[in-house]
Amino acid sequence: MFIARFLARRLLQGALIVFLVSAVIFTLLRVVPGDPVRLMAGGMAPEALIEQIAEEMGLRDPIYQQFGRYVWGIVQGDLGQSFVRPASGAAVGGASFDDNTRSERAEVWDLIAQTAPMTVQLALLSMLFALIIAVPIGVWGGLRPGRFPDKLALYLSSIFVSLPNFWLGIVLALLLSVKLKLLPAIGYGGFAYTILPAIVLAIEIAPFIIRTLTVSVAGVMRENFIDIAAVRGLTRNQIIFRHALRNSSVPLLNLLGVQFSMLLGGVLVIEFIFDYPGLGLLTINAVMQRDFPLIQGIAIVTAAAFVLINIVVDLCATAIDPRLEY
Amino acid sequence: MSIQDMTSDLPVPRKDRKIAARIWSEAYAAIEFKIGLAVFSALVLAAIFYPMFSGIDPTKMAISSKLLPPLFMGEGWSWARPLGTDQLGRDMLSRSLVGLRYSLLIGISTTILMVAVGAMVGLFSGYFGGKVDTILMRLTDAQLAIPMIILAITILGVSRPTIPAIILVLGLSGWPIYARVMRSSVMSVRKKEFVRGAMVLGATDWRIMFTLILPLVLPPIAFVAVLDIARMMIFESVLGFLGLGVQPPTPTFGNIIADGRKYLLNAWWIATMPGVFLVLTLTSINLMGSSLERARNSIYGGA
């Protein structure tokens, strides 16, 4: 019963947030300069034709009317159609103005559904790598506050957090892919193509995990129950794994919820560098092509993902630590 | 544990020293802070003076000396071009240092804007409570859910990215965290005796907020904001890399690296060398920032 009430409340709040996000993005896209029809029809298209297309697509109606239509579509599960991408897949923007009848354009929902799994694969693999890098460093640092391991954690996380993802991506591609020929880097042709982007993303995430772990493990180790556990005859390893790690996993989960947007930014840039066909690359292309429906669709889907992930995080946190209440 | 510790998480500062001075001196005691400060100062001085005194124009092209490698790296290097030249013969060292100027300018002003907006929202929210608080905090939540990177590249992608536009867009992306932290500090200070005393004496809300509460709660937050300067500098370079930052011919880390990517196979230094500068600067800022953060945490107790 508690779970049901919790879920109902959070989902309702989440729906409100997603609605606000879509309203903001929708309005912004129509207020900032840059006419998408000009881009769709091409630079050579006559002004009258542009006006005609814009009129037909309803782009000259007041913003609230356009938004109303859009929201009505979403409620029915329709995110609209891309401005520039034909359903066949190839993205061509603004070459000519007399083809591309509206019915042939790709559905925004399909575009997102096709690319999202690739991004999820990348995100999960990089999360795994990040944990492999960060957990040993972070826990060790937390067990010896103020000593060498703690300093090491501080230095390493300061360096990791200072490596811009796009630069690191280029350097690693140059070293591992071009010079040593260990891993493929550009495009996608199988699972191996996910590894290098995932390493770069992992290094971007790792410092936050290291810092959170160092602080929370150090905090837990000061608690009375740790001393008592030693008296109860638990070995040091048992204490670390049963008490310290378990208690530190809650802040770690919260971190995942809070840093979601940072992860998203990282994905965007990394997919762009490695030409990895995921949601991030789709987003950048959508922005470059002023593909309003696609940008809106992506923003709504990511905001919804943010809301859902935070709900799941809170549920998991209560499962791990029953003292927490939401 | 004294009564004071039990009733609050914010100790009243000792009378003889300001809270800011205490955080600063505690951080300064750490070796990593001094290393960071030394490296950072050296880089800033170089960025200010090298392009000025070397007399090398970072935008001047010299096709005859294009694609020269850095010192000791292959054919044709020279002391006059310590980091080599790019595909148009422009000097990489002075380009990197001019890029550093823009990076610092945008990083610092963005952070100031971010802290200012967040602090104001948090101050009003925490001080007045009630409806004001509810509205401001819902606004903050919504802002946190907006994928800011998408918003930023959308706005800068469709309008011409000028320096003020970049600062504004980045600055408006990071304030919610400051609003939250500020709000909780203000709420705990607000219950203190000296604030209630001021209210009884008839001080206006305005006066209490800005002369009593703000000077007490802002410094610890502002010090930790140093870390965000580095974050915003990365953000700026990402925008530049995507072609949405300060536009060429002005050199920025982002656009130099994006350019150099095309020549990666025959001139690796164009894309990698400016990054080394950026990484050194960011590491030095992060070392200082985390020392300040640790100092603050140790003074306030807890994380």
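Protein chains get the first letters and strands the later ones, always in sequence-line order, with residue 1 at the start of each.
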Determine whether B:Leu282 and A:Pro164 make a side-chain contact, defined as any pair of heavy atoms from C-beta on separated by less than 4.5 Å. yes

Nearest-0.5 Å distance, CE of residue B:Met233 to OG of residue A:Ser162: 9.5 Å

Is there side-chain contact between A:Leu268 and B:Ile153, with at least one heavy-atom pair below 4.5 Å? yes

Mind checking the CD1-CG spacing from B:Ile234 to A:Asn165? Nearest 0.5 Å is all I need. 7.5 Å

Scored by heavy-atom pairs under 4.5 Å with chain B, the best of A:Val24, A:Val178, A:Val171, A:Leu154 is A:Leu154

Interchain contact, A:Val18 with chain B, by part (heavy-atom threshold 4.5 Å): neither

So with a 6.0 Å cut-off around CZ of A:Phe19, is the heavy-atom count from everything else above 12? no

Can you say whether B:Ala271 sits under 4.5 Å from chain A via the side chain, the backbone, both, or neither, judging by heavy atoms? both

Residue A:Val161 versus chain B: region with a heavy atom under 4.5 Å: both

Using non-hydrogen atoms and a 4.5 Å limit, figure out which bit of A:Leu168 sits close to chain B: side chain, backbone, both or neither. neither

Please check if the number of heavy atoms outside B:Phe235 that lie under 6.0 Å from its CZ is greater than 12. yes

Would you call B:Leu242 and A:Phe166 a side-chain contact if the rule is heavy atoms closer than 4.5 Å? no

Does CG belonging to A:Asn224 count more than 12 external heavy atoms closer than 6.0 Å? no

Is it the case that over 12 heavy atoms from other parts of the model lie below 6.0 angstrom from the CZ atom of A:Arg30? yes

Best-contacting candidate, B:Ile285, B:Leu278, B:Leu265, B:Val238, against chain A by heavy atom pairs under 4.5 angstrom: B:Val238

Which bit of B:Arg231 is near chain A, if near means a heavy-atom gap under 4.5 Å: side chain, backbone, both or neither? neither

For each of A:Asp150, A:Leu16, A:Ile284, tally heavy-atom pairs with chain B at distances under 4.5 Å, and name the one with the top tally. A:Asp150

Looking at A:Leu28, A:Val269, A:Ile170, which makes the most heavy-atom pairs under 4.5 Å with chain B? A:Ile170

What I'd like to find out is whether the side chain of A:Trp167 reaches to under 4.5 Å of the side chain of B:Phe253, using heavy atoms alone. no

Relative to chain B, which segment of A:Asn310 carries a heavy atom at a distance below 4.5 Å: side chain, backbone, both, or neither? neither

